[in-house]
Asker: 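If you scroll down you'll find the structure; I have some questions about it.
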Amino acid sequence: QVQLVESGGGLVQPGGSLRLSCAASGSGVEHYAMGWFRQAPGREREGVACQWFNNLNTHYAGFVKGRFTIARDYSTKILYLQMNNLQPEDTAVYFCATVGSDGRCHENWDFPSSKNNWGPGTQVTVSS
């Protein structure tokens with residue numbers, strides 16, 4: 001059974017940076033494509049970034065605009081999201097998820113799926 005636990009959220013001023021971490025455990029989790037999602041109050045959960053197994057490809061949502069970087073440490077099974085130049089509209093609960101059991105980020109990866117495994121989330125608040 002896959003388990004995911006996020007950390008690294010917090011309060012940051014506009015223009016600031018945060019690095020989120022997601023510790024993954026469970027048989028075979030290292031072979032999944034994995035991603036980050038977020039959900040702001042009153043809004044649907046949306047995809048932020050997705051990385052294929054073995055870093056074969058990476059996808060970002062349009063609103064990222066080069067500010068975020070997804071990365072993965074296969075030795076520790078930790079997924080990261082480096083977020084720079086954060087803005088108030090980035091305020092949300094951020095979730096990591098297994099996205100593709102075949103190691104691929106398929107079309108529509110950025111829409112939540114019942115097939116995904118989810119962590120409990122970590123709150124990111126961008127405010128002055």
Side-chain angles (χ1 to χ4, degrees):
Q1 183 176 357
V2 172
Q3 291 188 324
L4 306 171
V5 179
E6 304 91 341
S7 60
L11 174 64
V12 63
Q13 292 186 342
S17 298
L18 282 175
R19 189 177 78 159
L20 306 183
S21 300
C22 172
S25 61
S27 178
V29 67
E30 62 271 22
H31 299 294
Y32 281 76
M34 294 193 69
W36 287 96
F37 291 73
R38 71 184 188 182
Q39 188 166 16
R43 300 192 64 175
E44 298 291 321
R45 191 172 300 189
E46 60 183 355
V48 176
C50 186
Q51 188 170 69
W52 290 41
F53 169 63
N54 263 349
N55 306 334
L56 292 177
N57 205 351
T58 303
H59 307 275
Y60 293 97
F63 58 78
V64 168
K65 298 180 181 178
R67 302 179 297 135
F68 299 175
T69 302
I70 187 172
R72 196 164 170 181
D73 186 329
Y74 288 89
S75 65
T76 60
K77 298 183 183 180
I78 296 178
L79 181 73
Y80 298 100
L81 184 68
Q82 176 67 43
M83 304 188 294
N84 299 326
N85 192 22
L86 284 160
Q87 301 300 317
E89 54 266 33
D90 296 314
T91 295
V93 178
Y94 283 72
F95 302 87
C96 73
T98 58
V99 176
S101 59
D102 61 355
R104 304 170 63 184
C105 305
H106 291 271
E107 187 177 2
N108 295 330
W109 64 265
D110 52 337
F111 287 87
S113 168
S114 59
K115 297 180 181 179
N116 296 356
N117 296 288
W118 299 94
T122 185
Q123 176 71 46
V124 171
T125 302
V126 186
S127 175
S128 55

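All heavy atoms count here, side chains included; hydrogens, waters and symmetry mates do not. The structure displayed is predicted, hence computed values, not measured ones.
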Asker: Applying side chain to side chain contact (heavy atoms under 4.5 Å, CB included), can you list everything that pairs with Thr76, at least two apart in sequence or on another chain?
Answerer: Asp73, Ile78
Asker: Can you list everything that forms a ring pair (Phe, Tyr, Trp, His ring centres under 6.0 Å) with His106? Sequence neighbours excluded, please.
Answerer: none
Asker: Suppose we screen for ring pair (Phe, Tyr, Trp, His ring centres under 6.0 Å). Which residues come up paired with Phe37, at least two apart in sequence or across chains?
Answerer: Trp118
Asker: Other than Ile70, which residues form its hydrophobic cluster under the rule that side-chain heavy atoms must be closer than 4.5 Å?
Answerer: Val2, Leu4, Val12, Leu18, Leu20, Val29, Tyr32, Met34, Trp36, Val48, Tyr60, Phe63, Val64, Phe68, Leu79, Leu81, Met83, Leu86, Tyr94, Val124, Val126
Asker: Please go through Phe53's hydrophobic cluster and name the other residues, only I, L, V, M, F, W, Y counting, with side-chain heavy atoms under 4.5 Å joining them.
Answerer: Tyr74
Asker: Measuring from atom OG1 of Thr69 to atom CD of Gln51, what distance do you get when rounded to the nearest 0.5 angstrom?
Answerer: 10.5 Å
Asker: Going by side-chain heavy atoms closer than 4.5 Å, which hydrophobic residues are tied to Leu56, directly or by a chain of links?
Answerer: Trp52
Asker: Once you round to the nearest 0.5 Å, how far does CZ of Arg45 lie from CZ of Arg38?
Answerer: 13.0 Å
Asker: Going by the salt bridge (charged side-chain N to carboxylate O under 4.0 Å, His left out) test, which pairs reach into residues 74-85, not counting sequence neighbours?
Answerer: Glu30-Lys77
Asker: How far apart are the closest heavy atoms of Gln87 and Pro14, and which atoms are they?
Answerer: OE1-CB, 4.4 Å
Asker: Applying salt bridge (charged side-chain N to carboxylate O under 4.0 Å, His left out), which residue pairs with at least one partner in residues 96-114 are found, sequence neighbours left out?
Answerer: none
Asker: Kindly give the heavy-atom pair with the smallest separation between Phe95 and Gly119, and that separation in Å.
Answerer: CD2-O, 3.4 Å
Asker: For Thr122 and Ser7, what are the C-alpha separation, side-chain angles and deciding distance, and is it a side chain to side chain contact (heavy atoms under 4.5 Å, CB included)?
Answerer: CA-CA 6 Å; Thr122 185; Ser7 60; 5.7 Å; no
Asker: For atom CD of Glu44, decide whether the heavy atoms of other residues, nucleotides or ligands shown that lie under 6.0 angstrom number more than 12.
Answerer: no
Asker: Can you name the closest pair of heavy atoms from Arg72 and His31 and give their distance?
Answerer: NH2-N, 4.3 Å
Asker: With sequence neighbours left out, what residues match Ala40 under side chain to side chain contact (heavy atoms under 4.5 Å, CB included)?
Answerer: Arg43, Ala92
Asker: Would a distance-only check, ignoring hydrogens and angles, find a side-chain to backbone donor-acceptor pair under 3.5 Å from Glu6 to Cys96?
Answerer: yes
Asker: Filter on salt bridge (charged side-chain N to carboxylate O under 4.0 Å, His left out), then keep only pairs touching residues 112-128, sequence neighbours left out; what's left?
Answerer: none
Asker: List for me each residue that meets side chain to side chain contact (heavy atoms under 4.5 Å, CB included) alongside Gln123, sequence neighbours excluded, and say none if there are none.
Answerer: Thr91, Val93, Thr125
Asker: According to salt bridge (charged side-chain N to carboxylate O under 4.0 Å, His left out), who are the partners of Arg67, at least two apart in sequence or on a separate chain?
Answerer: Asp90
